[in-house]
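All remarks here apply to the structure that follows.
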Protein chains: 2
Amino acid sequence: MNDPLASLPGYVLRRASAAALAGLNRRLTPLGLRHVDASLLLVVHARPGITQSEAGRQLDIQRANMVPIVARLEARGLLDRRRADGRSQGLYLSEEGEVVCAGVRDAVDTHERLLFEALPIKLRGHALDVLTALWQAAEAVDG
Amino acid sequence: MNDPLASLPGYVLRRASAAALAGLNRRLTPLGLRHVDASLLLVVHARPGITQSEAGRQLDIQRANMVPIVARLEARGLLDRRRADGRSQGLYLSEEGEVVCAGVRDAVDTHERLLFEALPIKLRGHALDVLTALWQAAEAVDG
DNA sequence: CGTGAATGTTATGATAGATAGCTTTTTCCG
DNA sequence: CGGAAAAAGCTATCTATCATAACATTCACG
């Protein structure tokens with residue numbers, strides 16, 4: 001092989017992630033969403049009333065960067081904000097947000113299923129384990 | 001588990017990739033490079049005289065986006081351009097480029113090694129296979 | 001009570017990636 | 001040969017993502 005990068009797990013990880021992300025984004029385009037929006041909707045769906053900061057922590061999105069994301073989804077009528085206490089606010093899906101979230105789940109499930117099915121059978125059982133381990137490893141290594 | 005995303009391979013893939021990338025970039029900072037620069041240097045090192053377009057294809061970077069990258073590395077004296085024919089130009093590492101490239105190899109090797117060593121032993125043998133398969137799967141799924 | 005931490009926010013910059021269009025040059029086929 | 005099509009490099013522009021710093025308000029805790 002002439003490609004000096006194909007044997008580097010970190011590089012292959014990046015390429016795989018970029019390719020998968022592009023696919024997911026294409027699948028989310030009809031909903032007018034990006035993967036970041038989709039992930040936030042899923043998080044809020046799983047934990048209604050979750051704080052903006054807390055959701056950001058869960059998704060590894062910084063406080064400052066959450067602002068435009070939440071504002072966008074609120075402007076589209078998918079997300080409601082309610083003051084939780086004086087400084088923090090809980091996020092909730094609106095009715096339409098629930099509908100769109102269901103569409104997101106479909107898109108994501110299809111995406112994940114196709115990805116999974118494109119794997120050689122003997123690797124399918126290891127995939128999630130390897131990825132989860134890599135996630136933890138990568139966060140452990142840089143701290 | 002309260003996290004609806006942790007069981008989605010695609011999401012875990014993205015998080016693992018982001019974390020690993022952040023670590024690598026931190027490791028490349030002392031060299032004044034970003035991972036994109038590093039990957040180009042490695043490609044040119046492996047195939048001196050490779051065309052700018054061809055390198056872009058190998059790295060999945062579009063022609064238009066290669067321009068500032070190559071310009072930056074040339075401006076720093078790491079990369080030489082020589083006209084290959086009337087329309088294309090070959091890329092070569094300068095002397096300093098070779099030196100920096102060696103530093104890149106060190107940084108990348110260390111990064112990859114630490115990542116690998118942070119994996120549970122029983123998963124190490126599968127990691128590259130799974131990632132390569134995911135890469136291909138993701139590209140096959142979206143086309 | 002008062003200090004420090006947390007939350008949301010604004011503003012700003014750097015990096016990545018995508019698209020469209022242009023010029024020059026090469027390729028290829030009739 | 002000659003002209004159409006493709007390829008290479010480039011410019012310009014736009015979007016998304018991510019990172020930092022600073023600020024005001026509010027809460028937590030000793």
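It should be emphasised that the depicted structure is a prediction, and the values quoted were computed from it without experimental measurement. All chains are named by letter (A, B, ...) in the order of the sequence lines, taking the proteins before the strands, and each is independently numbered beginning at 1.
- A cation-pi arrangement is found for Arg82(A) relative to Tyr92(A), the charged atom lying closer than 6.0 Å to the ring centre and inside a 45° cone about the ring normal.
- Remark: Ile69(B) CD1 to Leu79(B) CG distance equals 11.0 Å, nearest 0.5 Å.
- The distance from the OG atom of Ser53(A) to the CD atom of Gln58(A) is 12.5 Å, given to the nearest 0.5 Å.
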Distances under 3.5 Å only, N/O to N/O: pair up the protein atoms with those of nucleotides 13-22 of chain D.
unit_1, atom_1, unit_2, atom_2, d
dA16(D), O3', Arg34(A), NH1, 3.0
dT17(D), OP1, Arg34(A), NH1, 3.1
dT17(D), OP1, His35(A), NE2, 3.1
dA19(D), OP2, Gln62(A), NE2, 2.9
dA19(D), N7, Asn65(A), OD1, 3.3
dA19(D), N7, Asn65(A), ND2, 3.1
dA19(D), N6, Asn65(A), OD1, 3.3

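- Ion pair Glu96(B)/Arg76(B) not flagged as a salt bridge, since none of the NZ, NE, NH1 or NH2 atoms sits closer than 4.0 Å to an Asp/Glu carboxylate oxygen.
- For the side chain to side chain donor-acceptor pair (under 3.5 Å) condition, the pairs that include at least one residue of residues 39-52 of chain A, sequence neighbours left out, are His45(A)-Glu98(A), Gln52(A)-Gln89(A).
- Here dG8(C) presents its C1' atom at 15 Å from CG of Leu79(A), a figure rounded to the nearest Å.
- dA16(C) atom P lies 11 Å from atom CG of Leu33(B), rounded to whole Å.
- Within 6.0 Å of CZ in Arg105(A) there are 12 or fewer heavy atoms belonging to other residues, nucleotides or ligands.
- For DNA chain D, the residues of residues 41-56 of chain B within the heavy-atom distance limit of 4.0 Å (strictly under) are Thr51(B), Gln52(B), Ser53(B), sorted by number.
- Looking only at side-chain heavy atoms (C-beta outward), Leu134(A) and Leu131(B) come within less than 4.5 Å of each other.
- Separating the CZ atom in Phe116(B) from the CG atom in Leu123(B) is a distance of 10.0 Å, to the nearest 0.5 Å.
- Atom CD in Gln89(A) sits about 16 Å away from atom P in dT25(D), given to the nearest Å.
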Please list each protein N or O that sits under 3.5 Å from an N or O in nucleotides 23-28 of chain C, with the distance.
unit_1, atom_1, unit_2, atom_2, d
dT26(C), OP1, Gly86(B), N, 2.8

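- Distance, Glu74(A) CD to dT9(C) C1': 14 Å, rounded to whole Å.
- Taking NE2 of His35(B) as the reference point, atom CG of Leu40(B) lies at 12.5 Å (rounded to 0.5 Å).
- The interatomic distance linking Met66(B) (CE) with dC10(D) (C1') rounds to 13 Å, in whole Å.
- Residues satisfying the ring-ring contact (aromatic ring centres under 6.0 Å, His included) test with His126(B), not counting sequence neighbours, are His126(A).
- With sequence neighbours excluded, no residue satisfies salt bridge (Lys or Arg N to Asp or Glu O under 4.0 Å) with Arg63(A).
- Residue Arg82(B) contributes atom CZ, which lies 15 Å from atom P of dG9(D) at whole-angstrom precision.
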